[in-house]
Amino acid sequence: MALYELPTNLKKHSLCPGCGHGIILRLIAETIEELGLQDKKILVLGVGCSCNANGILGGDDFQCAHGRASAVATGMKLYLESQGKDVCIITYQGDGDAGVIGLAETLNAAYRNENITVFTINNSNFAMTGGQMSWTTLAGQKTTTSVNGRDCAYTGNPIHLPEMIASQFDVAYAARASVCDVKHITQAKKFIKKAIQNQMDKKGYSIVEFLSQCPTNWGMAPVDAAKYVAEKMTVEYPVGEFKVKE
Amino acid sequence: MAKKLLKGNEAVAEAALRGGCDFFAGYPITPSTEALEYLSWRMPELGRVFIQAENEIASINMVTGAAVAGARALTATSGPGGSLMCEGFSYAARMALPYVLLNVQRWGTGLGTLDSGQTDYFKEVKGGGHGDYRSIVYTPASVQELCDMIYNAWDVAEKYMVGVVILSEAYLGQMMEQVEMPPFKERPDRGWAIDGTGLTGMGEFAKKTKGADGMKVKGEGYEQIKEDLQDWEEYGLDDAEYVIVSFGLPGRISIDAAKQLREEGIKAGVIRPKLVWPFPEKAIAKLKNIKGLISVETSDYGQMVEDVALYAKKYGLNVPVYLYAHGKGVPGVRIVRDFYKSVAAGNEKEVF
């Protein structure tokens, strides 16, 4: 008897060992399969490590310009809806993509309460380009552009995207999950399911930010990186649901 | 069908809908805004998607998302808005997505002014965004032409899988003329659009229709467009001494100027490109025994004049190329006529 089987719609990826993306993508793939959305899913991809999700979840993908996924998803969803097509449109973006260069697109889609699902992966750095400071980088955290540790007095403070959206806009759902251990991974899956189901129920905009370990750019072993998420990142970025529209 | 007196920006919006446009995303900017305003009520009336976006970057990305999902998508802008969209044009070109841009040109760099101008020639014709791509660029000279060009724009965009630009001008968008509005068009099945199944997108379409025209975009596709789409209006080329090359409203005025010059016995000729990419090089190729070429344009330093000189060289015309760069607005007939005479009298210095 098989104890665990990979979702049939998940293909091999080329992410680094110990990276949180792989876990998150597996959870999304499982959820899509469980909700029976394999033939309705369009993954709208940001630029960065999220590019690695190209072609690995089956269905349709669309590779956007850096930061513009929410705008692309808006056009796609509104048009397909006008054609009577019931599709599940998910953006998959890093924190740099959704919360730095694409902050305008992300917030404006939330402002309009577009009926889309936004997943943003927060690994506290610009990982694809080799670990530069992001708006999510923790105070004092060393990156290739904050070599002495992030000085927030100079750079501004860590950005809290789901809280910002939950407090300002009339959206369906805003939450933050973590994939640092089994307990959190189980919780993350529940958040994913809600965020996707909301769209299918036409409830409106949903966003989930995932705290994700980045062993490569943090210069840590995978186990230590997961520990860093649990002990450091969750202090700055509390895990939980910030807005749940009934 | 009876003609109606319509304003350029509103007429072109209605003609776009009749040509099958079923998605619009845009941001207000003078002198293009009437198109956005018109579509904001007209599209919901027809059950089509209109969205007022937060800026032009979002507008073109919404257009891209809709286009890949099967829409006949449109955005409209001017000057600075068009600059913001350049990133999106490059991405759309990379994916060979068909879409239409209505650029109601204002004059000037930076914020520019709200005057008419043709200062976006380089931006539209030479790419604008990063990378190596071309857009098909129509240059209407009347409200009727504006309508006719956008009416067929998606047919062309979908055939060649290239973005189409309707390069309008402030005065053309703002002026009223008699127009015969074409009927609503039946949309042909494009054959591909993503719908979440992973089976009906462009990639699958390309596999099924190996060698289909629309898929051979890069390289030979552009060569095919050059062969198929060149179009221009010409006047007096058979025995012309100097030939004015001018598009849009200055082109229309140049023809009037040449007619007046002919009345005085001066053999003036005009090529008015109806598209500036592909450039009407076949018209240049026909020229014989001319004394020179004159580019008349409402730029400051000359933009199209460089292409006029390049195509003259290509077809072995060893003649001087002059520039009348009017700056903002539109030159009057007398100004163009006088410049021609000044060139003929040897008072102007050639630029190439």
Side-chain angles (χ1 to χ4, degrees), chain A residues 9 11 32 35-47 54-91 101-112 114 116 199-200, chain B residues 21-27 43-44 46-75 84-95 97 99 129-131 187 192-204:
Chain A
N9 55 337
K11 298 180 183 69
I32 287 168
L35 295 175
L37 299 171
Q38 298 98 313
D39 296 333
K40 293 183 172 185
K41 181 235 71 179
I42 302 175
L43 197 64
V44 180
L45 293 159
V47 170
N54 255 310
I56 73 163
L57 289 190
D60 283 309
D61 297 327
F62 188 83
Q63 177 63 63
C64 302
H66 197 17
R68 319 297 178 218
S70 282
V72 169
T74 297
M76 218 176 251
K77 181 72 182 185
L78 288 175
Y79 183 71
L80 287 168
E81 218 170 44
S82 80
Q83 301 299 303
K85 287 183 181 152
D86 189 26
V87 287
C88 173
I89 298 194
I90 300 169
T91 78
I101 193 170
L103 190 57
E105 286 75 13
T106 304
L107 291 186
N108 278 290
Y111 165 79
R112 292 187 302 265
E114 296 293 349
I116 57 172
Q199 185 186 160
M200 303 321 287
Chain B
C21 169
D22 52 9
F23 183 95
F24 177 90
Y27 184 86
M43 292 187 85
L46 295 169
R48 302 181 187 185
V49 183
F50 168 90
I51 180 159
Q52 182 173 332
E54 63 265 31
N55 59 37
E56 289 84 352
I57 299 175
S59 304
I60 186 64
N61 280 285
M62 288 172 185
V63 159
T64 309
V68 76
R72 287 198 147 182
L74 171 70
T75 186
L84 283 180
M85 288 181 183
C86 283
E87 174 194 78
F89 300 149
S90 175
Y91 275 77
R94 175 73 177 87
M95 290 176 281
L97 287 176
Y99 65 91
H130 62 283
R187 252 196 83 168
W192 65 270
I194 61 171
D195 59 358
T197 59
L199 301 172
T200 55
M202 200 190 289
E204 295 300 316

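To find a chain, count down the sequence lines: A is the first, B the second, and so on, and within it residues start at 1.
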Point to revise | chain B contact via A:Cys88 - side chain, backbone, both or neither, heavy atoms under 4.5 Å | key: neither

**Study point:** Winner by heavy-atom pair count (cut-off under 4.5 Å) against chain A, out of B:Ala25, B:Gly70, B:Ala53
**Key:** B:Gly70

Point to revise | B:Ile51 versus A:Leu78, closest heavy-atom pair with distance | key: CD1-CD1, 3.7 Å

Point to revise | Heavy atoms of other groups near B:Tyr27 OH, more than 12 under 6.0 Å | key: no

Revision key, fill the gap. CD1 (A:Ile42) and CG (B:Asp195) are apart, to the nearest 0.5 Å, by 7.0 Å

Review point. Do the side chains of A:Arg68 and B:Ile60 get nearer than 4.5 Å, heavy atoms only?
Key: no

Practice item. Calculate, to the nearest 0.5 Å, the distance between atoms CD and CG belonging to A:Glu105 and B:Asn55 respectively. Key: 6.0 Å

**Study point:** B:Met62 side, atom CE; A:Glu114 side, atom CD - distance, nearest 0.5 Å
**Key:** 6.5 Å

Point to revise | Closest non-hydrogen atom pair between A:Tyr79 and B:Val49, with its separation | key: CA-CG2, 4.2 Å

Check your understanding: In Å and rounded to the nearest 0.5 Å, what is the CZ to CD distance from A:Arg112 to B:Glu54?
Key -> 4.5 Å

Point to revise | Minimum heavy-atom distance B:Gly196-A:Asp60, with the two atoms named | key: N-OD2, 2.8 Å

Review point. For A:Gln38, is it the side chain, the backbone, both or neither that has a heavy atom under 4.5 Å from a heavy atom of chain B?
Key: backbone

**Study point:** Contact winner vs chain B - A:Asp86, A:Val44, A:Ile89, A:Leu80, heavy-atom pairs under 4.5 Å
**Key:** A:Leu80

Study note, to complete from the structure: Separation between CE (B:Met95) and SG (A:Cys64), nearest 0.5 Å, reads 7.5 Å

Exercise for review: Determine the option with the most heavy-atom pairs under 4.5 angstrom with chain A, choosing from B:Ala69, B:Ala58, B:Ala71.
Suggested key: B:Ala71

